[in-house]
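Written below as structure tokens is the structure these notes are about.
All values derive from a computational prediction rather than experimental measurement.
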Amino acid sequence: MESFLIGLQFLTRIYIARQTEWTEENFGKSVKYFPLIGAVIGIISAALTGIFLVATEGKLPILTAAIAFALPIIITGGIHCDGFIDSVDGLFSGREREKILEIMKDSRVGAFGAVGLILLATLEVSALIELIKLSITWSLAAIFFAPIISRLMMVITIGIFPYARREGIGKAFAKFTTRRTIFFALIETILLLTPVIFFDAEIFLTAILALIISFGFTMYFGNFAVKKIGGVTGDIYGAVSSLVELVVLIIFLLAEI
């Protein structure tokens with residue numbers, strides 16, 4: 001429970017219990033609860049988006065999509081967006097390994113990162129607009145499932161690929177993440193996805209398809225990072241989460257067309 005709360009407080013701005021001391025072990029062991037933390041984000045985002053849809057009778061799809069895009073960022077404090085921006089700035093800078101790592105550590109936003117975030121936001125909001133127009137049920141399902149599947153892919157990235165830096169916050173994650181952690185997180189994800197099969201089997205199958213495709217994308221992106229900097233970093237974890245959320249939304253949109 002302590003590890004879950006530590007992970008929840010690190011990945012979101014939700015504070016349930018005051019914790020001032022985080023041991024490296026508890027910090028690292030929180031990784032196995034990432035999909036569950038994603039479910040918390042998904043429930044809040046889908047619920048608030050659903051309330052707004054009901055209140056507006058679905059007549060404001062563009063505004064609703066913008067709100068649905070913004071909610072996870074607000075809930076997480078933009079931690080994954082920050083990782084995405086830093087990753088794009090570094091990985092696409094065309095520099096050598098050490099310089100890339102230096103760029104990624106720099107808190108300033110570069111041109112590549114800014115353009116990357118604009119493209120990501122444009123694609124994600126556009127996908128949400130089209131989903132909402134096609135089906136409110138499918139759009140809310142996608143909003144719920146996206147953070148769950150994306151956090152599972154974070155676990156896979158942490159567990160499979162080597163850590164690129166000698167030290168860093170992500171080092172604790174990598175140190176305590178094993179194949180058993182990945183298996184636990186996978187079962188956790190399946191359990192979170194399965195209940196929807198009793199309401200709509202097609203949505204469930206689409207979620208499984210999104211999970212499989214997201215895994216393929218995660219492996220590709222992780223290998224790309226390894227070729228560039230010899231491993232992954234905390235920023236790469238955030239980039240994976242942000243990109244996989246987009247992948248999930250696109251899969252749900254294509255499945256509903």
Side-chain angles (χ1 to χ4, degrees), residues 1-53 63-88 104-109 113-114 116-118 120-121 124-125 128 140 142-155 157-158 168-173 176-177 185 188-189 192 233-246 248-249:
M1 187 63 174
E2 184 178 3
S3 294
F4 167 74
L5 293 176
I6 288 173
L8 182 68
Q9 292 185 191
F10 179 75
L11 294 182
T12 73
R13 291 297 177 265
I14 300 172
Y15 294 91
I16 296 176
R18 182 176 177 81
Q19 293 174 309
T20 57
E21 295 183 7
W22 295 358
T23 67
E24 185 183 52
E25 182 176 1
N26 282 335
F27 194 69
K29 288 185 175 180
S30 68
V31 172
K32 65 183 179 182
Y33 296 113
F34 279 11
L36 183 57
I37 295 169
V40 173
I41 298 169
I43 289 171
I44 296 173
S45 298
L48 293 179
T49 301
I51 290 171
F52 187 79
L53 279 168
L63 180 57
T64 304
I67 291 172
F69 172 75
L71 282 171
I73 298 176
I74 294 171
I75 295 168
T76 61
I79 187 172
H80 303 309
C81 285
D82 180 65
F84 172 78
I85 291 170
D86 288 341
S87 296
V88 173
M104 291 171 67
K105 195 172 183 179
D106 193 333
S107 60
R108 292 173 295 182
V109 178
L117 183 60
I118 291 171
L120 179 70
E124 192 163 329
V125 171
L128 284 165
L140 293 179
I143 291 169
F144 171 66
F145 288 133
I148 297 174
I149 295 174
S150 67
R151 270 57 180 190
L152 172 63
M153 295 308 139
M154 282 181 69
V155 177
T157 303
I158 294 168
I169 294 177
K171 187 73 172 179
F173 289 152
F176 291 95
T177 299
E188 183 181 323
T189 300
L192 289 167
T233 66
D235 288 326
I236 299 295
Y237 302 158
V240 167
S241 177
S242 297
L243 289 168
V244 169
E245 286 190 1
L246 174 60
V248 173
L249 292 177

Donor-acceptor list for residues 46-53 side chains, cut-off 3.5 Å, not counting sequence neighbours:
from, atom 1, to, atom 2, distance (Å)
Thr49, OG1, Ser45, O, 2.7

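- Every residue two or more places apart in sequence or in another chain that forms a ring pair (Phe, Tyr, Trp, His ring centres under 6.0 Å) with Phe173 is listed here: Phe10, Phe27, Phe34.
- Annotation: salt bridge (charged side-chain N to carboxylate O under 4.0 Å, His left out) contacts of Lys29 (sequence neighbours excluded): Glu25.
- Ser241 contributes atom OG, which lies 8.5 Å from atom CG of Leu11 (distance to the nearest 0.5 angstrom).
- For Val88, the side chain to side chain contact (heavy atoms under 4.5 Å, CB included) partners are Phe84, Phe92, Phe112, not counting sequence neighbours.
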May I have the list of side-chain donor-acceptor pairs in residues 36-43 shorter than 3.5 Å, sequence neighbours left out?
none

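- Separating the OG1 atom in Thr177 from the CE atom in Met154 is a distance of 10.0 Å, to the nearest 0.5 Å.
- Residue pairs satisfying the salt bridge (charged side-chain N to carboxylate O under 4.0 Å, His left out) criterion with at least one member in residues 63-80, sequence neighbours excluded, are absent.
- Put simply, OG1 on Thr12 and CD1 on Ile75 are 8.0 Å apart, with the number rounded to the nearest 0.5 Å.
- Looking only at distances, a side-chain donor or acceptor of Ser150 sits under 3.5 Å from a matching main-chain atom of Pro147.
- Rounded to the nearest 0.5 Å, atoms CD1 (Ile236) and CE (Met104) are 4.0 Å apart.
- Here the CD-NZ distance, from Glu188 to Lys32, works out to 9.5 Å after rounding to the nearest 0.5 Å.
- Applying the side-chain hydrogen bond (donor to acceptor under 3.5 Å, both in side chains) test to residues at least two apart or on different chains, the pairs with a partner in residues 67-82 are His80-Arg151.
- Residues meeting the side chain to side chain contact (heavy atoms under 4.5 Å, CB included) test with Ala65, sequence neighbours left out: Val125, Leu128, Ile129, Ile132.
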